[in-house]
Amino acid sequence: MAADEPQISVVIPCLDEEEAVGAVVDQAWRGIEASGRDGEVIVVDNGSSDQSAEVAAAHGATVVEEPRRGYGSAYLTGLAHARGEYVVMGDADGTYPLDALARFVDTLEEGNDLVLGSRFDGAIHAGAMPWSHRWIGNPILTGMLNVMFGLRVSDAHCGMRAVRRDTLPVLDLHSTGMEFASEMVFKASRRGLRVAEIPIDYFPRTGDSKLSRFSDAWRHVRFMLLYSPSWLFFLPGVTLLLLGLGGMLVLATGPVDVFGRTWQIHTMLAFVAATLIGAQVVQIGVFARTYALTHFGERDRLLERLRGRIRLEHGVLGGLAMLAVGIAVLLAIFVGWARGGFGALGHEYATALAFTLVGLGVQVVFGSFFIGLLTMRARAEERQPARESARVG
């Protein structure tokens with residue numbers, strides 16, 4: 001670290017916070033002083049229409065302009081300008097105790113990579129958080145993040161947090177909206193970084209809130225689903241697939257009575273649709289996880305194990321086998337129909353089952369080629385070091 005680089009960078013996004021930003025910057029300076037380290041305070045003006053930038057500069061902050069609106073956009077710009085070994089993040093509305101940032105930096109120095117504040121383990125002061133956020137929104141969103149990504153945090157969306165600057169390339173953050181907070185937390189967990197929490201006080205904000213209750217919540221949910229193919233694709237896909245296969249097997253030989261009702265060809269067709277839809281959804285999930293593994297550097301233990309054992313040819317052969325069985329059944333039905341003089345065509349249930357096998361076989365064959373296309377880049381990169389080693393030898 002160069003001699004003129006600070007140890008701490010405090011990054012504060014700001015949008016029309018003229019009333020509070022000066023006091024918040026002063027808090028950050030007091031926190032830096034109390035930590036016994038040197039530092040800088042960076043305020044990212046996110047297109048304010050008031051005097052927020054001028055007030056922040058008057059209180060000693062370095063003001064950086066980011067005209068593209070968005071919580072994540074402001075932070076991405078601020079993090080890019082941060083020079084400190086430790087980066088502390090907090091809002092410009094006076095809700096977070098930035099004068100207590102020394103605890104966050106000390107926790108980073110203990111070997112943690114990301115430190116989150118926890119409002120729920122600390123003290124939420126009267127009027128600081130609407131009841132819907134406190135008892136519904138934040139608990140649900142944090143619970144979803146914990147379940148979907150295997151985390152154990154109490155307040156995943158707390159705006160006061162600290163991170164080692166050298167871990168930012170590992171996190172590879174991209175989100176431009178409020179979902180930036182979720183992205184930082186789950187990526188830290190996915191990449192094996194050490195995450196800690198510190199109880200903090202949460203105070204009533206100064207000025208008007210910029211949150212959009214429903215749209216910001218949806219952005220978080222959408223983001224979590226997009227980054228969790230197991231929940232978005234595999235859970236509904238596997239459910240439909242198993243339901244469809246089980247129903248088709250029960251009806252494969254003809255109508256059956258269930259709970260006093262006769263299930264006939266219409267029910268069979270519903271199970272056929274469930275099977276094909278479920279298989280398609282699962283296949284899209286495999287595509288998504290493969291793309292994340294090969295193009296975004298995500299870790300996927302299951303796919304990493306399977307890549308060495310299952311290749312394109314295995315998928316193609318499996319799909320062709322299902323296709324062949326389905327076609328064979330259809331040919332047998334056609335031959336029987338021809339021998340009967342092309343009269344009334346029976347075997348409705350077997351025909352539906354055969355066409356399902358044909359559909360699944362076609363999906364698997366073309367899906368295998370598509371996965372092969374997705375993994376071409378990764379396989380080329382795996383071969384490149386071997387060729388370079390050969391040239392060096």
Side-chain angles (χ1 to χ4, degrees), residues 1 6-13 27-28 30-37 39 41 71-72 75-76 78-79 82 84-91 95-125 128-129 134 138-173 175 178-203 220 223-224 227-228 298-299:
M1 186 169 61
Q7 292 173 283
I8 301 173
S9 293
V10 181
V11 178
I12 305 170
Q27 273 192 345
R30 290 197 300 271
I32 292 171
E33 182 180 0
S35 74
R37 304 171 179 88
V41 179
Y71 180 81
Y75 264 126
L76 290 173
L79 294 175
E85 180 182 0
Y86 307 112
V87 181
V88 180
M89 305 159 65
D91 294 345
T95 51
Y96 293 108
L98 287 177
D99 50 0
L101 63 81
R103 292 183 297 157
F104 286 77
V105 177
D106 291 341
T107 306
L108 289 176
E109 283 198 335
E110 293 171 2
N112 294 288
D113 301 297
L114 173 64
V115 182
L116 305 174
S118 175
R119 298 166 292 182
F120 296 100
D121 287 343
I124 300 176
H125 293 253
M129 185 182 294
R134 182 170 185 174
N138 276 303
I140 290 176
L141 292 175
T142 296
M144 288 180 63
L145 198 69
N146 284 334
V147 170
M148 295 169 73
F149 299 101
L151 302 175
R152 293 183 179 179
V153 296
S154 62
D155 190 3
H157 304 98
C158 179
M160 186 172 180
R161 54 187 62 190
V163 62
R164 291 177 175 272
R165 185 160 64 94
D166 58 10
T167 65
L168 292 175
V170 179
L171 290 172
D172 190 28
L173 302 168
S175 299
M178 293 300 296
E179 67 276 15
F180 177 88
S182 297
E183 181 186 16
M184 176 175 279
V185 176
F186 93 76
K187 279 190 172 180
S189 176
R190 280 250 180 111
R191 285 153 172 73
L193 302 181
R194 293 185 61 182
V195 180
E197 277 191 299
I198 292 178
I200 63 168
D201 286 336
Y202 188 60
F203 300 94
H220 280 289
F223 182 83
M224 287 187 281
Y227 273 83
S228 181
E298 295 288 339
R299 299 298 306 274

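Worth knowing before you read on, the calculation uses all heavy atoms, side chains too, and leaves out hydrogens, waters and symmetry mates.
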Within the distance-only criterion (no hydrogens, no angle test), does the side chain of [X] pair as donor or acceptor with the backbone N or O of [Y] below 3.5 angstrom?
{"X": "R165", "Y": "G84", "result": "yes"}
{"X": "E197", "Y": "V153", "result": "no"}
{"X": "R161", "Y": "A181", "result": "yes"}
{"X": "D121", "Y": "I198", "result": "no"}
{"X": "R37", "Y": "I8", "result": "no"}
{"X": "K187", "Y": "L173", "result": "no"}

Which heavy atom in [X] sits nearest to a heavy atom in [Y], and how many Å separate them?
{"X": "V10", "Y": "A28", "value": "CG1-CB, 3.9 Å"}
{"X": "G39", "Y": "P6", "value": "CA-CB, 3.5 Å"}
{"X": "P13", "Y": "Y71", "value": "CG-CE1, 4.5 Å"}
{"X": "F104", "Y": "M160", "value": "CE1-CE, 3.6 Å"}
{"X": "R119", "Y": "Y96", "value": "NH1-OH, 3.5 Å"}
{"X": "F203", "Y": "P97", "value": "CE1-CB, 4.1 Å"}

Problem set entry | Residues R103, I200; criterion side-chain contact (heavy atoms from CB on, under 4.5 Å); working and verdict | CA-CA 10 Å; R103 292 183 297 157; I200 63 168; 3.8 Å; yes
Does some side-chain heavy atom of [Y] sit less than 4.5 Å from a side-chain heavy atom of [X]?
{"X": "L101", "Y": "Y86", "value": "no"}
{"X": "T167", "Y": "L114", "value": "no"}
{"X": "D113", "Y": "L171", "value": "no"}
{"X": "D155", "Y": "L116", "value": "no"}

Between atom [atom1] of [X] and atom [atom2] of [Y], what is the distance when rounded to the nearest 0.5 Å?
{"X": "F120", "Y": "N138", "atom1": "CZ", "atom2": "CG", "answer": "4.0 Å"}
{"X": "M224", "Y": "M148", "atom1": "CE", "atom2": "CE", "answer": "6.0 Å"}
{"X": "H157", "Y": "L141", "atom1": "NE2", "atom2": "CG", "answer": "5.0 Å"}
{"X": "R194", "Y": "E110", "atom1": "CZ", "atom2": "CD", "answer": "8.5 Å"}
{"X": "L145", "Y": "I140", "atom1": "CG", "atom2": "CD1", "answer": "13.5 Å"}
{"X": "L151", "Y": "R190", "atom1": "CG", "atom2": "CZ", "answer": "9.5 Å"}

Hey, mind stepping through I12 and L98 against side-chain contact (heavy atoms from CB on, under 4.5 Å) and telling me if it holds? CA-CA 10 Å; I12 305 170; L98 287 177; 3.9 Å; yes
Original post:
Heavy-atom count around E109 CD within 6.0 Å, excluding the residue itself: above 12?
Top reply: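 For E109, atom CD is crowded (more than 12 foreign heavy atoms under 6.0 Å).
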| request: Starting from the C-alpha separation in whole Å, work towards a yes-or-no answer on side-chain contact (heavy atoms from CB on, under 4.5 Å) for I32 and V41. | output: CA-CA 9 Å; I32 292 171; V41 179; 4.0 Å; yes
F186 vs F223 aromatic rings, parallel, tilted or perpendicular, using cut-offs 30° and 60°?
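Answer is tilted, since the angle falls between 30° and 60°.
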Would Y202 and R134 satisfy side-chain contact (heavy atoms from CB on, under 4.5 Å), going step by step from the backbone distance to the final call? CA-CA 12 Å; Y202 188 60; R134 182 170 185 174; over 6 Å; no
